[in-house]
Amino acid sequence: MTGFDALRSPLRFLQSRLPEIPHRDVLEAEEGWWKNEGIAISEAIDRAGTPWLRMFDRLGKRVDTILYPREYQTMLRRGYRSGVVWRALEEKSMIPAYLLIYTISFHDPGICCPYTVSLGTALPLAKYGSAELQARFLPQFALKDDSAWQGATWMTEIKGGSDLGAAVETMARPAGDYWRLTGEKYFASNAGAELAVVAARPEGAAAGVRGLALFLVPRYRKDGELNYFVRRLKDKIGTRSVPTGEVELKDSEGYLLGPADSGIYLILEVLNLSRVANSVVSVALAQRAMADALSYGEHRAAFGKRILDHPLLRQQFENRLNALRSAFALAWDAVQLLNDVWMERPPYSDRYHLFRLVAHLAKYWTAEFAVDTAKWAMEVHGGLGVLAEYGAERWLREAMILAIWEGTSHRQILDGLEVMERKRAHKMLFQRLAEIAPSKELQDMESEVEQHLNLPREEKEALAEPLFRRLAVLTADTLARTSK
Ligand SMILES: Cc1cc2nc3c(=O)[nH]c(=O)nc-3n(C[C@H](O)[C@H](O)[C@H](O)COP(=O)(O)OP(=O)(O)OC[C@H]3O[C@@H](n4cnc5c(N)ncnc54)[C@H](O)[C@@H]3O)c2cc1C
């Protein structure tokens with residue numbers, strides 16, 4: 001049974017997959033805190049529901065305060081203090097942040113949403129912000145105390161998140177050294193954040209995605225008044241601790257990041273950073289669902305022995321453990337590639353396009369794997385699996401969100417096709433995979449991808465999913481061979 005032991009702890013699993021783990025002591029402390037305190041807080045918040053919006057103060061002034069239970073603040077601040085954001089800024093490396101995200105999301109996948117969107121705000125600010133903007137906003141993200149200055153990444157509007165070029169109606173008008181933004185963001189996670197990055201169209205800019213730009217929008221205007229308004233918070237099946245709201249921008253003060261005509265690249269950089277986090281969270285969630293199924297399987301008996309000792313179930317555990325290792329290898333490859341390329345600006349290198357392809361494969365495959373594993377783990381619990389009081393059903397609710405936000409699986413497949421078609425990113429992928437383990441299977445897959453890319457457009461899209469799935473699995477399996 002020893003092969004399954006690593007499932008019980010995120011740190012042990014990481015140690016079994018990675019040759020070295022920076023700041024191991026920090027991860028150990030994190031895991032210890034979650035076991036002793038965090039899990040109970042997280043479970044209570046999941047049952048009690050989303051934070052609460054207080055729109056007005058007692059004198060009727062609009063305040064839009066998000067009210068959290070005190071324990072939630074303790075849980076949230078811990079991750080910031082441990083370094084999910086400041087370490088990326090200080091150490092100029094993504095690795096510590098994503099290791100923390102893995103460790104934390106094993107216990108609570110939802111809490112990693114605020115951490116990810118805060119990273120997705122701080123890093124573009126550090127990369128593209130003017131000296132003045134950095135001096136004004138960056139120090140707060142670099143603090144190591146309990147202040148928990150938060151970011152947010154708001155692109156999606158009521159008409160949809162997949163087709164941003166058609167759906168973003170938020171307009172930006174120049175107003176001297178800043179801009180005024182007006183519009184509505186329909187799925188705005190971490191509503192109430194101190195600073196958000198927001199997609200908007202500068203007045204007179206082209207239609208479609210090419211006309212979009214990325215702006216920093218602080219919670220308060222320079223004169224101290226609210227700069228954006230939270231219309232309502234959404235009641236979701238998962239990430240229930242995260243306030244996801246509808247946000248109204250009304251002549252809100254905004255600051256352009258990077259050149260206006262490069263906006264879509266900046267937006268995609270933010271999304272790709274989140275997609276990598278989403279992949280890491282998906283694998284941690286799958287590990288957690290398997291760990292819960294394992295401990296149930298060790299104690300539940302049927303037909304005279306532990307259910308885990310029945311050949312069919314045991315084989316499923318073994319197969320799924322191998323699949324978990326592969327999914328981790330894929331997600332971690334995306335982290336490492338991101339770590340190499342995140343300071344690049346357009347026009348990007350070939351390695352950047354390779355990163356994009358791996359990020360699409362990872363986001364797609366790990367989220368599908370998380371959903372499938374959470375469903376399977378529920379089934380291992382039998383009827384108890386569907387009861388809210390035992391927790392197995394939570395992983396399925398959380399996993400469904402991972403498959404949708406930051407671009408659904410459809411989006412990942414189509415964007416993955418695009419980067420293969422336009423940037424030939426698959427060539428670099430196959431070259432790398434062949435260096436790890438050349439095989440006939442890889443050669444066949446490469447020819448299949450080439451043939452697929454030559455299909456007429458309708459057919460190419462219609463038939464893309466099985467191809468993309470096989471490419472993701474083959475990539476994940478091959479990468480897993482280089483792990484410990
Ligand atoms: C809990 C939660 C939190 C979120 N937080 C944020 C946030 O903080 N910031 C933010 O910007 N967004 C956020 N989102 C929005 C999220 O990114 C979108 O839900 C997602 O991008 C999909 O957009 P949509 O829901 O509008 O679906 P749509 O774009 O309307 O798509 C509907 C369906 O059509 C499919 N589809 C669309 N185009 C195609 C095509 N060409 N081919 C095949 N299928 C297609 C989609 O894949 C999807 O299945 C959040 C979502 C959730 C659920």
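First listed ligand is number 1; within each ligand, the first listed atom is number 1.
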Answer yes or no: is there an ion pair linking Arg351 with Asp340, defined by an N-O contact shorter than 4.0 Å?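 Yes, this pair counts.
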Between Leu214 and Val270, which heavy-atom pair has the shortest distance, and what is it?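 Of all heavy-atom pairs spanning Leu214 and Val270, the closest is CD2-CG2, 4.0 Å.
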Starting from [atom], which protein heavy atom do you reach first, and at what distance in Å?
atom                    : answer
atom 28 (P) of ligand 1 : Ser162 OG, 3.6 Å
atom 5 (N) of ligand 1  : Ser189 OG, 2.8 Å
atom 20 (C) of ligand 1 : Ile404 O, 3.8 Å

Short check: is a protein heavy atom less than 4.0 Å from [atom]?
atom                    : value
atom 25 (O) of ligand 1 : no
atom 2 (C) of ligand 1  : yes
atom 35 (C) of ligand 1 : yes
atom 39 (C) of ligand 1 : no

Using distance alone, determine whether Thr408 and ligand 1 share an N or O pair under 3.5 Å.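 Yes, at least one N or O pair falls under 3.5 Å.
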N/O separation below 3.5 Å, Ile401 to ligand 1: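 Between Ile401 and ligand 1, no N or O pair is found under 3.5 Å apart.
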Heavy-atom distances under 4.0 Å decide this one: backbone, side chain, both or neither, for [X] against ligand 1?
X      : result
Glu406 : backbone
Thr156 : both
Val117 : neither

Under 4.0 Å from a heavy atom of [X]: which atoms of ligand 1 are those, numbered in the order shown and with their elements?
X      : value
Lys236 : 1 (C)
Gly160 : 26 (O)
His410 : 35 (C), 43 (C), 44 (N), 46 (C), 47 (O), 48 (C), 49 (O)
Met155 : 10 (C), 11 (O)
Leu414 : 40 (C), 41 (N), 42 (N)

With no hydrogens and no angle check, do the side chains of [X] and [Y] hold a donor and an acceptor under 3.5 Å apart?
X      : Y      : result
His410 : Glu465 : no
Gln150 : Asn190 : yes
Gln287 : Tyr102 : yes
Ser93  : Arg87  : no

Output a table of donor-acceptor pairs, distance under 3.5 Å, between side-chain atoms of residues 253-268 and any protein atom two or more places apart or on a different chain; print 'none' if there are none.
unit_1 : atom_1 : unit_2 : atom_2 : d
Glu253 : OE1    : Lys222 : N      : 3.0
Tyr255 : OH     : Arg136 : NH1    : 3.0
Tyr265 : OH     : Arg210 : NH1    : 3.1

Do the ring planes of Phe355 and Tyr352 sit parallel (below 30°), tilted (30 to 60°) or perpendicular (above 60°)?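 Answer is perpendicular, since the angle exceeds 60°.
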Stepwise ring pair (Phe, Tyr, Trp, His ring centres under 6.0 Å) check, Phe13 with Phe106: CA-CA 11 Å; Phe13 184 75; Phe106 177 86; 9.3 Å; no
Nearest heavy atom to atom 7 (C) of ligand 1: which of Trp405, Phe187, Trp154 does it belong to?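 Selected option, by shortest heavy-atom distance: Phe187.
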Picking from Lys423, Arg356, Arg424, what satisfies salt bridge (charged side-chain N to carboxylate O under 4.0 Å, His left out) with Glu418?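 Among Lys423, Arg356, Arg424, the one that satisfies the salt bridge (charged side-chain N to carboxylate O under 4.0 Å, His left out) with Glu418 is Arg356.
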Using side-chain contact (heavy atoms from CB on, under 4.5 Å), reason through Glu368 and Gln412 one step at a time and then give a plain yes or no. CA-CA 12 Å; Glu368 295 285 316; Gln412 306 311 315; over 6 Å; no
